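Here's the structure we're looking at; comments come further down.
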Amino acid sequence: MPELIDVCIPNTHRNYFTYDPGHWTPAIGARIWIPFREKIKLGIVTNTQSLTKVAANRIKTIAGIIDETPLLDQAILQLCHWVSDYYQAPLSEVLPLALPKHFRDGEQPSIPSVDCYQLHIARDEALAQTPHRAHKQCELITWLSACNMPVSRAAIQEAGFQLSILKMLCDKGWVTHTHQPIIETSTLHRTMESPLVLNTEQRDAFEKILPHLDSHQRFLLHGVTGSGKTEIYLQTIAETLQRDRQVLVIVPEIGLTPQLLARFKSRFNAPMAVIHSHLNEQQRQFAWYQAATGKAKIIIGTRTAIFTPLPNLGLIVIDEEHDASLKQMDGVRYSARDTALMRAHMANIPIILGSATPSLESLYNCEQQKFTLLPINQQAMTSIPLKWTISDLRNVRLQEGLSPNTLSTIQRHLNEGNQVLVFINRRGFSPVLLCHQCGWIADCPACDSHLTLHRQANRLICHHCGSQRSLPNTCHKCHSTELIPVGTGTQRLEECLQKQFPTTPLIRIDRDEVRKKDELTKRLKQIYDEKAQLIIGTQMMAKGHHFPRLTLVVVVEADTGFYNQDFRAIERLGQLLTQVAGRAGRAEHPGEVIIQTHFPKHPLLNTLIQRGYRAFADELLEARAKAELPPHHYLAMIRAQSQNPKKVMYFLQQIKIQLQNIPRTKHPSHSNAAYGPAPAPLARKANQHRMQLLIKSSSRKQLQNTLTQLRQWISSTKLDANIRWHIDVDPIDMS
Ligand code: ADP
Ligand code: ZN
Ligand code: ZN
């Protein structure tokens, strides 16, 4: 009997199916064609000696092979297997994360080509025939001449030239247009910057990393914004490139700024690939190809980039390792940080996690001596500490959420010609529209939530399901016309501040105002160029950006962090306050932060302000130990939803009963506990009733075993008809 093979078929909710390879001998990781439910589908070979014992008469023969050499290497397959096992997701959902769509459709990787341009006549001749006032044309002629090779349209744009200028030169017949395989940027001429001289703390950190470049070692670089973490990454990367190895840098979506890329490009002449969710399919395929063939030496990307094959990987850097966007919240709910830690372990290479506000998980790992902590306490450019003020809102008459003291401080900073950021994490005009006569509130019919008033669009919008409706003229209950907006969002704050400071140029940055990536870049540039003095911003403004003239940050409302039922809310508040405060007072301008709150005496808030993030985190860690919460214990959340709340409840109750039947490990100190089922904090969203069952364990291994058995049981009992459910391992959001 021939050896059977296991084949993973994307999006089939199974790890693999068993096939007869016929006369073919596909390798592990190769893509093949297989007959599947009356169709021919693409599959990826995961095992050439099948693990299953299926009756031979039911086995089909594969229809052909696509790859002679496997497209996915062993390292990525191994990583995908780990993700599938650990995060309780079928391999058929994990493997697609590692393949650009065209490859999932069966296309062959090829070297994509692009439109390239080259100066065709002598530079001086071209310049002589161009009028002097046509500066831009002259500049482009000079630049193209210096390049002395075909350059891509993207490179020309990146160098700051408009395509209309290029077209003029093409029309004159001076520039030839060809189709070329993409050229590595390293061959373009650029001026490179040299590394900075490290200060003492930076050098200490760097010297701790250096001896471990050839083995697995985990570092947590904890330094405030502006303390020079990026500089340490850059110098460590340089060392890794010296060893002719590749480097993978993972950043949160919002961290992938043009400034960061520019900084990498000005430092390294090595070919880079950038991988993020805004790439089109061709760009993604090309970046993947560059990385997987070892041509790109530095790969900078967001979450999914962790699944890129890198044959010669020598270092992983995770910037802003605490950031929630590193965890995928749908589909395969993996943490890119934890997956990266596993990848570094498997590849036996070092990994550096960096943050101004490390997660409690990572600080705990330092305590446990699993990570090496590299603290940087000083800012690189200034030693003037921030001035924090807690503004007690109790009993104070507020003007659209701002206290008189806050307003006068804003005035003072504006008078001094500085910039001010007013931070509020709520978009729209007001979160509630209320009838003054009878107390009726405009609610979303599909969700258990209120509708947010958007003044500019003149609509009521649900921030949970996205449904919209026009503004009612009268109350739906008593028909009164006295409908009042309650509470403050970015739009209302903008209106109020514009009235208060009518001559100050003001800018608002939130998801409604900035829908596209380049719009954000444009607005950030306005701030850098000091075209805006007063900035109203949400989360989008909290991290990553450095504005040297920004001296005051006002946090309009810190309170939701104190009474949120999610046990991580306080940790997130501390991170947010520290991050947003990091926007203020760089370089020679001392910074000030005002936190408005009704809980001015909150002990953790005071610890944060007086003793810093580390002390704050230590106190939180202690509290978490007492409460037996992560990182001391391990959690998994089983979420289920359907239109029928009774069915959801029954489903989760059955799971809870089954949990008791799963045998435990004999270890005396290991415990499992289940909490719920309970309605999710937003119990109804888009007409779906949502409930959750929380499972807690003192052992990661035991939790994983339990979940694996539970998942098998759910699929085998077919309990889940008409219920949408998933398991979220290490959930970071309890909603
Ligand atoms: P972080 O990544 O921690 O926010 P950066 O590496 O971006 O910090 O550094 C902040 C600023 O300080 C940057 O403008 C950087 O050029 C500068 N800087 C960092 N290290 C040094 C150094 N050793 N000497 C002088 N300037 C430095
Ligand atoms: Zn009414
Ligand atoms: Zn809704």
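Keep in mind that what you see is a predicted model, and the values were worked out from it rather than measured. Read the numbers this way: they start at 1 and go in the same order the structure lists the ligands and their atoms.
Heavy-atom neighbours of Q643 CD from other residues, nucleotides or ligands within 6.0 Å: at or below the threshold of 12. Counting non-hydrogen atoms of other residues, nucleotides and ligands closer than 6.0 Å to CZ of R511 gives a total of 12 or fewer.
When all heavy atoms are compared, the tightest approach of I318 to A336 is CD1-O, 4.4 Å.
Residue contact annotation: C444 places an N/O/S atom under 2.8 Å from the Zn ion (ligand 3). Put simply, C465 gets within reach of the Zn ion (ligand 3), with an N, O or S atom under 2.8 Å from it.
For the side chain to side chain donor-acceptor pair (under 3.5 Å) with K327, the qualifying choice from T339, D728, D338 is D728, the only one to do so. Checked against I275 for a side-chain contact (heavy atoms from CB on, under 4.5 Å), the options L248, I299, I306 give a single hit: I299.
S227 counts as a contact of ligand 1, since one of its heavy atoms falls under 4.0 Å from the ligand.
Ranked by closest heavy atom to atom 15 (C) of ligand 1, the top entry among E231, R263, H222 is R263.
Only the backbone of V224 comes within contact range of ligand 1, with a heavy atom under 4.0 Å; no side-chain atom does. With a 4.0 Å cut-off on non-hydrogen atoms, I376 does not touch ligand 1 at all. The proximity of N199 to ligand 1, defined as any non-hydrogen pair under 4.0 Å, is limited to the backbone.
Every residue two or more places apart in sequence or in another chain was checked for a salt bridge (Lys or Arg N to Asp or Glu O under 4.0 Å) with K685, and none qualifies.
A side-chain donor-acceptor contact under 3.5 Å links Q202 to the backbone of G228. Distance alone, capped at 3.5 Å, is enough to place a donor-acceptor pair between the Q328 side chain and the D330 backbone.
Around the Zn ion (ligand 2), the protein N, O or S atoms found under 2.8 Å comprise C435 SG, C438 SG, C475 SG, C478 SG.
Seen from the Zn ion (ligand 3), atom SG of C447 and atom SG of C462 lie 110° apart in angle, a value rounded to 10°.
An N or O contact shorter than 3.5 Å links V197 to ligand 1 by distance. Residue G228 has at least one N or O atom closer than 3.5 Å to an N or O atom of ligand 1.
Both tests hold for R455 against F429: distance to the six-membered ring centre under 6.0 Å, angle to the ring axis within 45°.
In summary, R267 and E193 do not engage in a salt bridge, as defined by a charged side-chain N under 4.0 Å from a carboxylate O.
Side chains of S642 and N722: no donor on one and acceptor on the other come within 3.5 Å.
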